[in-house]
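Below is one structure; the comments refer to it alone.
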Amino acid sequence: MPSSLRTYLQDIRKETVKIKKEVDPKTQLGDLVSQSDQPLLFENIKGYPGWRICDLLVKTRKTQAIALKTVPDQVVPELAKRIGKGPGKTRMLKAGPVKAKILKGKEADLNQIPFCLHTPKDGGLYIGSGMCVVRDPDTGAQNVAMHRIHIKGSHRAALNIFSPHTRRIIQKCHERGQAAPMAVVIGHHPCFEIATNYFGPHDTYSEHELAASLLGETVDMVKCEMSDISVPADAEMVIEGEIPPGVMEDEGPFCEFHGIYTAGVTKKPALDIKAITMREDAIYRHLNATPFTDHQSLVALPGEARLYDQLKRKGVDVRDVHIPAWGGLFIVIIKMVPQVEEQVRDVLMTALYSPVLLFTKIAIAVDEDMDITCAEDILYSIGVRMNPQTDIISIDRTVGLPYDLSCADLPGAPPLRVGGKLGIDATKPSLLRKELRSKFERVNPRGWGRVFLKDFM
Ligand SMILES: [Mn+2]
């Protein structure tokens, strides 16, 4: 059976909390999602009989490991290896599960899908989980990226397009005076969502072929109803539309990845809905855009893997890389064994200016005995192993990140800001200073790793 959202929900069934009580997608669901670490499956959606909604599919290393069929501390090395393989195989089929229902024209009404309100001050209902596919009119190459989609009516939405790849393709269509077709794929195996958040170069293949590499299987594709775009056959649903040249809609406000509203209401390209295809009993994959949800982990994962790869290539004994949701995506943590002290400073500088990361302001290096996903271990390392006199790199007056409201506007040059960078070496003394290094070994209690409280309860 090909991998899909359904095979994945089966894989994570022991981790998943099933909610049978009725939940209102407009007033309750967003809040409930923000309260869980475990995957959630809502089975009773107010106003949408028969629908199910899932979220938090890859919030933790545990579920990410299930998605990639590995163990939690190998998620990043394994993902780096698979991205490094490049494209996998896809094949075109005539039909697939996503074509069980085909709705066109008036029937392609967005109101029938249980879209959710993410936060109370959002400008309206939003799709956060849409994998938006466009096709280059010159080369036929496809690009896939996630953009937030503001529902503006039964057949209209507004798009906030972050991906330069997608923007270029839409512009090409518009320069010819044509509308740009777009297919919004919702709900598939998380490997598709991880691949969709990859933003590195991929001139000869699309993110769907990258997903095939992450999955290690051939991905089945089908043609769209209203355009030449091809989409994964085993997705839950596809919303087909087109972006007409010069038509704009009010978009926002919407909660950003770092948990604040930054942009307010702005004019963004409109998406006119032409068709919806879906499975007979489609499950809506929601992606709540609040802090500490899949919103951050999906953006972080490809960057974590690519920085790991970049450091490995420089000869660093790097063990893991993490961009924690609880750092607003502005902090990157590197787990490594330092050969010499100076190497850590090089690693911190590399991380702070790495082209594979989107938002880095602070880089922290910790040693191989720390749990990189545990905030307590990170703070322990900073508290016990870092000397502020020698272990900090602070660079002031650099260009700040556009979304970082802690940095002042650069007058006359918005959205640029005046910012800075911070590197923290919280590793133990390097391998060169063996004796001193051994003094920093954390003391564990007797029986550590052998006796477990749960066995005594
Ligand atoms: Mn791309």
Side-chain angles (χ1 to χ4, degrees), residues 58 67-68 79-90 127-149 159-175 180-215 219 221 224 227-232 235 238-243 257 268-269 271 287 294-310 323 329 354-360 402-403:
V58 283
L68 291 165
L79 183 58
K81 201 165 89 188
R82 294 191 208 168
I83 290 174
K85 277 186 188 161
K89 285 192 181 132
T90 60
I127 306 172
S129 56
M131 296 181 272
C132 305
V133 194
V134 289
R135 188 176 171 89
D136 189 310
D138 292 327
T139 65
Q142 297 201 151
N143 192 63
V144 195
M146 273 183 166
H147 317 294
R148 69 195 204 200
I149 302 172
L159 294 163
N160 189 337
I161 299 164
F162 195 67
S163 156
H165 298 165
T166 295
R167 282 187 185 197
R168 213 156 41 230
I169 290 173
I170 293 170
Q171 196 185 347
K172 271 190 186 183
C173 296
H174 287 178
E175 278 166 3
M182 175 180 275
V184 181
V185 179
I186 301 174
H188 208 313
H189 190 282
C191 281
F192 284 84
E193 298 179 342
I194 297 168
T196 297
N197 278 280
Y198 171 83
F199 65 88
H202 59 92
D203 295 336
T204 58
Y205 59 94
S206 87
E207 283 83 354
H208 288 140
E209 279 138 322
L210 183 59
S213 260
L214 301 192
L215 282 168
V219 165
M221 306 285 290
C224 278
S227 73
D228 281 345
I229 294 173
S230 56
V231 288
V238 176
I239 299 170
E240 299 185 25
E242 54 183 40
I243 305 157
F257 59 89
K268 291 285 157 59
L271 176 71
L287 193 158
D294 283 353
H295 189 38
Q296 291 81 22
S297 55
L298 274 174
V299 175
L301 266 170
E304 290 168 349
R306 291 174 72 206
L307 181 63
Y308 174 89
D309 185 60
Q310 193 186 352
I323 302 168
L329 299 188
S354 174
V356 307
L357 304 183
L358 285 171
F359 308 110
T360 313
Y403 292 91

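These numbers come from a predicted model, not from an experiment. Atoms within a ligand are numbered from 1 in the order they appear, just like the ligands themselves. Numbers here are sequence positions counted from 1.
Closest approach of H208 to F192, counting heavy atoms only: CD2-CD2, 4.1 Å. The two atoms that bring V238 and A183 nearest to each other are CG1-CB, 3.9 Å, heavy atoms only.
Around atom NZ of K81, no more than 12 heavy atoms belonging to other residues, nucleotides or ligands sit under 6.0 Å away.
In this structure a side-chain-to-backbone donor-acceptor pair under 3.5 Å is present from D294 to V58. Side-chain atoms of E304 come within 3.5 Å of backbone atoms of I323 as a donor-acceptor pair (strictly under, hydrogens ignored).
With a cut-off of 2.8 Å, the protein N/O/S atoms near the Mn ion (ligand 1) add up to 4.
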Derivation and outcome, side-chain hydrogen bond (donor to acceptor under 3.5 Å, both in side chains), residues S354 and Q310: CA-CA 9 Å; S354 174; Q310 193 186 352; 2.6 Å; yes
